[in-house]
Amino acid sequence: MNKKLWAVMLAAAVMIKSVVPISYLDVSTATAATKKPSTSTSTTTKVGEEVSTDGKTTASGFTYRVVGTEAVITGYGGTAKDITIPTKILYKRTVAATTPTGATSPTGATKTTATKATTPKTTKPKTSTPKTTTPKATTPTVASKPQNVSPAAIRQVAAIQAVKASKATKPTTASVPTITVEYPVTSIEGDAFNGQLSLKSVTMLGGIDSNGKTYGMRKIGDKAFFACHDLEKITIAASTTSIGNHAFSDCVALNSISVSEGNPKYKVIEGCLYSYTTQSGTGTYTLEQYPLNNKDKTYTVPELVKETLTSIGEGAFWGSVNLETIDLPATIKTIGEGAFEECRKLKSVTFPEGLIGIGAEAFKGAVALTEITLPPEVTAINSKTFQGCEVLKTVNLPDRLSVINSYAFQGCKALEEFVVPQSVTAIGDQAFAQCDSLREITIPTQTTSLGNGVFRGTTVTILCQSGSQAAIYAANNGLSVERTYTVSFYSNELFSTLLSAQNVIEGRDAQPPEVTPREGYRMTWSGDYTSVKQDIRLYPKWEKVYDVQFVDSFNGKTETVQVVKDEIPTPPAWSMADYTLSWDQDITVGVDRNYTVHAIWQNNSTGEILDPDTVRPQAKGSSLTKGNNKYKVTSANIKSPTVKFVGLSKAEAKKVDVPAAITVDGVKYKVTEIASKAVKGNAKVTKLIVNKNIKKIGANAFNGCAKLKTLKLKSKAITSIGGKAFLKIHAKAICYTYYSKQSKYKSMLKKAGIKKPVMKRL
């Protein structure tokens with residue numbers, strides 16, 4: 001064998017046998033040292049990429065931690081007000097020369113580069129024949145026959161040893177390599193930005209890349225942006241499929257929420273963020289976040305989700321600045337924890353009948369809320385649900401309620417009285433603490449558990465039964481007690497079904513429940529429930545009743561009275577001036593059938609019986625029209641109703657004929673007067689006829705009727721013609737009247753504006 005080749009193989013064998021295992025970093029270093037040096041020391045980042053050199057913080061200030069092969073954003077220490085959450089972090093790590101043997105590579109995709117690396121020098125072997133002397137003790141013994149070693153392996157090991165030797169002898173002749181590890185950012189840790197006041201807008205990126213793979217933000221942790229009071233705008237990525245509880249709660253400046261197109265779970269409808277859950281048939285929506293700085297005072301459910309909105313998410317309205325009223329649709333089943341917390345202007349909430357659950361602290365700090373009525377399916381008031389509702393005064397609770405949890409009404413300073421439903425078995429710690437105005441609370445016998453300090457800071461009197469757990473609690477805590485009795489209302493005389501049970505203070509009245517009526521029957525309770533002085537059980541009694549109908553045809557009145565068999569009916573207390581009321585049937589005998597009674601009206605002066613078919617005149621002041629004339633009722637007297645002429649329906653008429661009487665809707669009215677200004681300024685009228693019964697012509701009645709030339713005053717009853725009633729009528733006007741009235745009427749007409757009245761006999 002060639003002696004030169006044998007020498008090289010022998011040296012390689014010795015080196016292979018004596019070298020320890022090489023770590024990943026050492027191999028990378030060696031490989032980098034043999035490559036062409038890079039001409040650049042930095043990498044240009046793309047949109048959504050951030051660079052980190054310490055493994056904790058990015059160049060722009062985001063802090064993160066690595067979980068497996070991904071990065072989780074844990075906070076932000078930068079100064080920018082408008083931030084974009086990165087989709088990728090490039091961790092550039094400088095590899096030290098003293099990397100321990102066996103060290104492992106950072107997790108993730110790696111890129112290794114060497115800057116200004118120089119190729120280590122190697123000694124060219126001599127061409128002379130190698131010596132055959134025995135090696136020194138320090139040289140490892142090698143096999144007498146060389147092993148099969150590839151030339152590549154020999155070169156790689158030689159290169160490694162050369163680099164190490166170079167480092168040992170010339171530490172300043174080469175720069176150490178840099179490893180770049182890529183971490184995709186997929187989530188924001190809970191509380192990551194909690195309370196960060198400088199942020200104005202946050203944009204999250206993500207979706208489907210050109211290779212069809214999902215990238216970017218997938219999860220936003222609980223309270224991730226909680227109480228970011230200056231945050232105005234949020235953009236959620238298309239890739240986001242999980243948003244934690246209270247993620248944006250108490251962001252009181254928030255007025256813009258958007259979701260990138262293509263998101264499968266979240267969408268913004270009329271400014272609010274909703275999540276969609278697919279179910280069999282139609283899916284359902286949850287209102288996740290309301291824009292808390294919205295100027296509207298009322299939240300209205302969009303038509304798009306009106307039939308499928310089933311829940312209000314945790315903290316959805318927390319801290320709303322302007323909201324005053326909430327009217328929730330019938331589809332709502334649950335209200336999440338803290339949903340309306342710190343809504344300081346919220347005054348009114350309408351709960352749907354189908355609501356089954358309200359989360360803890362749901363209305364905590366709603367300091368303007370005055371009244372609540374919980375629907376029948378709610379069985380628990382959770383911890384701190386109404387804590388700090390300072391003006392809450394009226395609370396109506398369902399009969400199925402079983403527990404009032406700790407701090408439920410703590411600090412409700414306006415509460416004065418409270419009735420705990422019979423079904424409640426437990427009241428939690430400090431449930432009514434610091435209720436400054438609370439003076440009375442009724443606690444049933446069924447309430448067997450009362451927590452610590454339930455009434456701390458109050459001077460309440462507990463209304464309860466003697467010997468009950470509430471009475472014992474009051475005695476142990478120095479509270480006043482008043483005796484109560486239980487009044488139970490059942491559905492029947494067998495006492496099989498309880499309708500309602502009430503604890504009633506001694507001497508007070510119980511309130512019976514509503515009972516569905518039965519047609520043809522009247523219900524009474526089997527006993528007295530007023531001025532209660534003992535425990536009472538009652539049931540409904542049904543009695544057959546008859547209808548007695550009272551009818552006043554003249555006045556258009558009808559009233560039906562239900563009367564139990566054999567009882568005497570009580571008639572309505574009707575009256576009419578100058579008339580006495582009686583009935584056309586005897587109503588002083590017991591009733592045994594349904595029947596109708598008609599009113600009889602007798603004139604007190606004449607004794608005349610008013611015909612039942614007589615039609616009542618229109619009320620005084622009512623307007624009537626007959627032909628072309630308009631009238632107004634001046635008296636609604638049954639026997640002699642009157643009207644006055646007030647004008648024309650059609651002003652172009654040439655003749656004004658004021659009749660003695662008119663009949664409208666079967667009622668005859670005397671026309672006794674012509675109103676002031678009735679036809680004033682009419683340029684068409686040429687003739688006036690005033691018939692009998694007219695007693696008065698008002699001022700300016702025909703003033704300015706320049707063509708009025710003929711006046712026929714047929715009434716002998718005229719006693720008054722108002723000033724200027726005939727001023728500026730035709731200069732050659734002629735007045736026709738009865739001979740006996742000519743002198744009197746001439747004088748009146750002269751005063752009414754006709755300088756030289758011309759009088760002629762009718």
Original post:
Should Glu377 and Arg400 be marked as a salt bridge (Lys or Arg N to Asp or Glu O under 4.0 Å) after you check the CA-CA gap, both sets of side-chain angles, and the distance that decides it?
Top reply: CA-CA 7 Å; Glu377 298 302 315; Arg400 295 182 61 187; 2.6 Å; yes
**OP:** For the pair Ser383 and Asn405, evaluate side-chain hydrogen bond (donor to acceptor under 3.5 Å, both in side chains) and give the outcome as yes or no after the intermediate values.
**Re:** CA-CA 5 Å; Ser383 177; Asn405 279 299; over 6 Å; no
Original post:
Going through the checks in order, is the side-chain hydrogen bond (donor to acceptor under 3.5 Å, both in side chains) test met by Thr298 and Thr325?
Top reply: CA-CA 5 Å; Thr298 301; Thr325 60; 2.7 Å; yes
Original post:
Hey, mind stepping through Thr58 and Glu50 against side-chain hydrogen bond (donor to acceptor under 3.5 Å, both in side chains) and telling me if it holds?
Top reply: CA-CA 6 Å; Thr58 70; Glu50 288 272 349; 3.2 Å; yes
Original post:
Would Glu70 and Arg218 count as a salt bridge (Lys or Arg N to Asp or Glu O under 4.0 Å) if you check the C-alpha gap in whole Å, the side-chain angles of each, and the deciding distance to 0.1 Å?
Top reply: CA-CA 12 Å; Glu70 299 175 346; Arg218 294 199 301 268; 3.1 Å; yes
**OP:** Would you sort out whether His246 and Asp222 count as a side-chain hydrogen bond (donor to acceptor under 3.5 Å, both in side chains), showing the intermediate values?
**Re:** CA-CA 6 Å; His246 306 290; Asp222 294 347; over 6 Å; no
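For the atom pair CD1 of Ile312 and OH of Tyr285, the computed distance is 14.5 Å after rounding to the nearest 0.5 Å. In this structure, Glu324 CD and Asp296 CG are separated by 11.0 Å, a value rounded to the nearest 0.5 Å. Here the OH-SG distance, from Tyr299 to Cys343, works out to 13.0 Å after rounding to the nearest 0.5 Å. Summarising the geometry, atom OG1 belonging to Thr350 is positioned 7.5 Å from atom CG belonging to Leu328; distances are rounded to the nearest 0.5 Å. A distance of 3.0 Å separates OH of Tyr64 from OG of Ser52, quoted to the nearest 0.5 Å. Distance CZ/Phe193 to CD1/Ile220: 10.0 Å, rounded to 0.5 Å.
A salt bridge does not link Lys223 with Glu337: every distance from a Lys NZ or Arg NE/NH1/NH2 to an Asp or Glu carboxylate oxygen is 4.0 Å or more. For Glu49 and Lys88, the salt-bridge test passes: some basic side-chain N is under 4.0 Å from an acidic carboxylate O. Taking the charged nitrogens against the carboxylate oxygens, Glu232 and Lys200 do have a contact shorter than 4.0 Å, which makes a salt bridge. Residues Lys393 and Glu416 are paired through a salt bridge, judged by an N-O separation under 4.0 Å between the basic side chain and the carboxylate. Note on Glu341 versus Lys384: no salt bridge recorded, every NZ/NE/NH1/NH2 to OD/OE distance being 4.0 Å or above. Ion pair Arg508/Glu482 not flagged as a salt bridge, since none of the NZ, NE, NH1 or NH2 atoms sits closer than 4.0 Å to an Asp/Glu carboxylate oxygen.
The nearest pair of heavy atoms linking Ile73 to Pro86 is CD1-CG, 4.1 Å. Looking at every heavy atom in both residues, Ile243 comes nearest to Ala247 through CG2-CB, 3.6 Å. Contact between Leu401 and Ala380 at its shortest, heavy atoms only, is CD1-N, 3.5 Å. Between Asp82 and Ser201, the shortest heavy-atom distance links the atoms OD1-OG, 2.9 Å. Heavy-atom minimum distance, Ala227 versus Asn194: CB-OD1, 4.4 Å. Across all their heavy atoms, Ala470 and Ile443 have their closest contact at CB-CG2, 3.7 Å.
Checked by atom type, the side-chain pair Asn503/Thr486 shows a donor-acceptor distance below 3.5 Å. Side-chain contact of Gln465 with Thr445: a donor-acceptor pair under 3.5 Å is present, judged by distance alone. No side-chain donor-acceptor contact under 3.5 Å links Thr214 and Ser239. In this model, a donor atom of one side chain and an acceptor atom of the other lie less than 3.5 Å apart for Thr63 and Thr74. With hydrogens and angles left out, the side-chain atoms of Thr448 and Gln469 include no donor and acceptor closer than 3.5 Å. Ser320 and Asn322 share no side-chain donor-acceptor pair at under 3.5 Å.
Of the candidates Leu463, Val419, Ile462, Thr461, Ile462 is the only one forming a side-chain contact (heavy atoms from CB on, under 4.5 Å) with Ile441.
Remark: the backbone N or O of Lys213 is not paired with any side-chain donor or acceptor of Asn211 at under 3.5 angstrom. Judged by distance alone, with hydrogens and angles left aside, the side-chain atoms of Tyr473 form a donor-acceptor pair with the main-chain N or O of Val454 at under 3.5 Å. A donor-acceptor contact shorter than 3.5 Å links the side chain of Asp429 to the backbone of Asn452. A donor-acceptor pair under 3.5 Å is formed between the side chain of Thr87 and the backbone N or O of Gly48. The main-chain N or O of Gly315 is found under 3.5 Å from a side-chain atom of Ser249 such that the two form a donor-acceptor pair. Asn263 contributes no side-chain N or O that, together with a main-chain N or O of Ile236, makes up a donor-acceptor pair within less than 3.5 Å.
Residues forming a side chain to side chain contact (heavy atoms under 4.5 Å, CB included) with Ser258 (at least two apart in sequence, or on another chain): Thr235. Legend: residues meeting ring-ring contact (aromatic ring centres under 6.0 Å, His included) with Phe226, ordered by chain and number and at least two apart, are Trp318. Judged as a ring-ring contact (aromatic ring centres under 6.0 Å, His included), and not counting sequence neighbours, the contacts of Tyr290 are Phe317.
Between Leu438 and Phe418 the shortest side-chain heavy-atom distance falls below 4.5 Å. A heavy-atom distance below 4.5 Å is found between the side chains of Ile356 and Thr334. No side-chain heavy atom of Ile335 sits under 4.5 Å from any side-chain heavy atom of Ser311. Put simply, the side chain of Phe340 reaches to within 4.5 Å of the side chain of Ile326, judged on heavy atoms. The closest side-chain heavy-atom distance from Val515 to Leu499 is below 4.5 Å. Residues Gln434 and Gln430 meet the side-chain proximity criterion, which asks for heavy atoms closer than 4.5 Å. For the pair Tyr485 and Ile505, the minimum side-chain heavy-atom distance is 4.5 Å or more. Residues Gln196 and Tyr76 meet the side-chain proximity criterion, which asks for heavy atoms closer than 4.5 Å.
The aromatic rings of Phe455 and Phe432 sit parallel to each other, their planes meeting at less than 30°, with 60° as the upper class boundary. Between Phe248 and Phe225, the ring-plane angle classifies as parallel under the 30° and 60° cut-offs. The aromatic rings of Phe386 and Phe409 sit parallel, their planes meeting at an angle under 30°, below the 60° perpendicular limit.
The 12-atom threshold is not exceeded at CZ of Arg483, counting heavy atoms of other residues, nucleotides or ligands nearer than 6.0 Å. Around the CG atom of Asp509, the shell of radius 6.0 Å holds more than 12 heavy atoms that belong to other residues, nucleotides or ligands. Within a 6.0 Å sphere centred on NZ of Lys413, other residues, nucleotides and ligands contribute 12 heavy atoms or fewer.
A centroid separation of 6.0 Å or more is found between the aromatic rings of Phe62 and Tyr183.
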